[in-house]
Protein chains: 2
Amino acid sequence: MSNVQELPLLEPTGGQGVVPCCPPLTERPMSAPEAETAARMFKALGDPVRLRLFSAVASHEGGEACVCDISDVGVSQPTVSHHLKKLKEAGLLTSERRGTWVYYRVEPSVLAAMGQLLAMPAAA
Amino acid sequence: MSNVQELPLLEPTGGQGVVPCCPPLTERPMSAPEAETAARMFKALGDPVRLRLFSAVASHEGGEACVCDISDVGVSQPTVSHHLKKLKEAGLLTSERRGTWVYYRVEPSVLAAMGQLLAMPAAA
DNA sequence: AGGCTGGTTCGACGTGTGTCAACATAGACT
DNA sequence: AGTCTATGTTGACACACGTCGAACCAGCCT
């Protein structure tokens with residue numbers, strides 16, 4: 001490939017909080033650019049295999065997992081690698097090589113941003 | 001058409017609460033069936049046009065909107081109808097014809113279920 | 001009835017996506 | 001060096017998906 005977009009869907013505030021990419025879905029109609037950005041996240045989780053991989057990493061001890069720990073999802077190893085790459089490109093996971101193994105970990109702030117997107121308006 | 005799956009992703013408890021289809025992504029690795037179910041929702045929101053349509057309905061007065069109110073998303077009207085149908089099949093919207101117009105409204109419990117899915121474990 | 005407007009369905013077309021086998025790369029260990 | 005294990009990459013293929021125009025259906029309104 002040539003251009004891997006890494007856009008993170010959030011803007012770090014420097015402090016402990018993050019600014020979600022978009023307001024809650026129920027607050028106002030999303031603009032086209034907002035929707036484009038947010039849809040990338042949802043699409044990344046819109047595949048059963050990716051969802052299982054993501055959940056496996058997210059629920060693993062310390063929020064990180066070696067590929068060998070999570071690659072039992074019923075598809076071939078190249079396919080697992082392919083999906084992990086997609087999740088990485090969507091900004092949901094990060095990867096790091098440590099010796100023989102590669103570890104993936106979740107990007108907690110992005111998860112939070114997605115949660116914000118789906119937040120209900122406090123049951124008005 | 002022949003088989004429109006309406007599976008609602010939640011099980012009404014009879015009371016005021018609902019049982020989300022799956023535990024939070026971070027709690028434990030999702031099973032294959034759980035992932036299959038949840039991925040359907042994410043996939044439905046994984047398209048920019050659908051996301052805008054959904055947001056338009058969700059943010060509209062009373063949580064419902066006529067198609068004519070939200071069909072300005074840059075694609076042809078048949079395409080709008082197609083996407084609304086997808087959102088309906090995913091259990092995210094319901095539709096009702098009232099005279100000349102067709103109104104779509106959000107399924108709030110499903111939104112809540114998705115929020116649960118992405119809920120963080122209270123910053124352990 | 002006949003026409004008009006709002007929506008859906010149909011059929012087709014191009015593009016994107018998930019999957020695998022085969023190959024390539026990175027590090028560990030003889 | 002050579003080999004073995006763990007991952008990633010490439011190429012190919014079938015299928016799903018988003019999109020549109022055209023045809024169709026449902027209510028209103030003369």
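All heavy atoms count here, side chains included; hydrogens, waters and symmetry mates do not. Chain letters run A, B, ... following the sequence lines, proteins first, then strands; residues in each count from 1.
- As a whole-Å value, the separation of B:Arg40 CZ from D:dA16 C1' is 15 Å.
- Between C:dC20 and A:Ser76, a contact under 4.0 Å exists linking OP1 or OP2 to a side-chain N or O.
- In this entry the distance linking NZ of B:Lys85 with C1' of D:dG18 reads 14 Å, nearest Å.
- Across B:Val75, B:Val73, B:Leu93, a single residue satisfies side chain to side chain contact (heavy atoms under 4.5 Å, CB included) together with B:Leu53, and that is B:Val73.
- Distance CG/A:Asp72 to CD/A:Gln77: 12.5 Å, rounded to 0.5 Å.
- Summarising the geometry, the separation between CD on B:Glu36 and P on C:dG18 is reported as 13 Å, rounded to the nearest angstrom.
- Taken from CZ in B:Arg50 to NZ in A:Lys43, the straight-line distance is 9.0 Å, to the nearest 0.5 Å.
- Using a 4.0 Å cut-off between a side-chain N of Lys or Arg and a carboxylate O of Asp or Glu, A:Arg98 and A:Glu64 qualify as a salt bridge.
- Looking at B:Val57 and B:Ile70, their side chains come closer than 4.5 Å, going by heavy atoms from C-beta outward.
- The existence of a salt bridge linking A:Arg28 and A:Glu34 is confirmed by a sub-4.0 Å separation between a basic side-chain nitrogen and an acidic carboxylate oxygen.
- Residue A:Lys86 has a polar side-chain atom (N or O) positioned under 4.0 Å from OP1 or OP2 of C:dG18.
- Atom CZ of B:Arg50 is separated from atom P of D:dC17 by 8 Å (rounded to the nearest Å).
- The residue A:Val80 sits apart from the nucleic acid: no heavy atom pair falls under 4.0 Å.
- In this entry the distance linking CH2 of B:Trp101 with C1' of C:dT8 reads 17 Å, nearest Å.
- One finds no side-chain N or O of B:Thr79 lying less than 4.0 angstrom from the OP1 or OP2 phosphate oxygen of D:dT19.
- Residue A:Tyr103 is classed as having no contact, given no heavy-atom separation below 4.0 Å to the nucleic acid.
- For B:Lys43, no side-chain nitrogen or oxygen approaches OP1 or OP2 of C:dT17 to under 4.0 Å.
- Using a 4.0 Å heavy-atom criterion, one finds that A:His82 contacts the bases of the nucleic acid, with or without backbone contacts as well.
- Rounded to whole angstrom, the span from the CG atom of A:Leu87 across to the C1' atom of C:dT17 amounts to 14 Å.
- Following rounding to the nearest Å, A:Asp69 (CG) and D:dT5 (P) show an atom-to-atom distance of 18 Å.
- Look at CG on A:Asp47: it is 13 Å from C1' on C:dG16, rounded to the nearest Å.
- Of the two residues near DNA chain C, B:Ser71 and A:Gly46, the one whose nearest nucleotide lies more 5' is B:Ser71.
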Point to revise | Contact letters for nucleotides 22-30 of chain C, in which S counts primed atoms plus P, OP1 and OP2 and B counts the base, heavy atoms under 4.0 Å | key: B---SSS--

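- Ion pairing between B:Arg52 and A:Glu36 fails under the 4.0 Å rule for side-chain N and carboxylate O.
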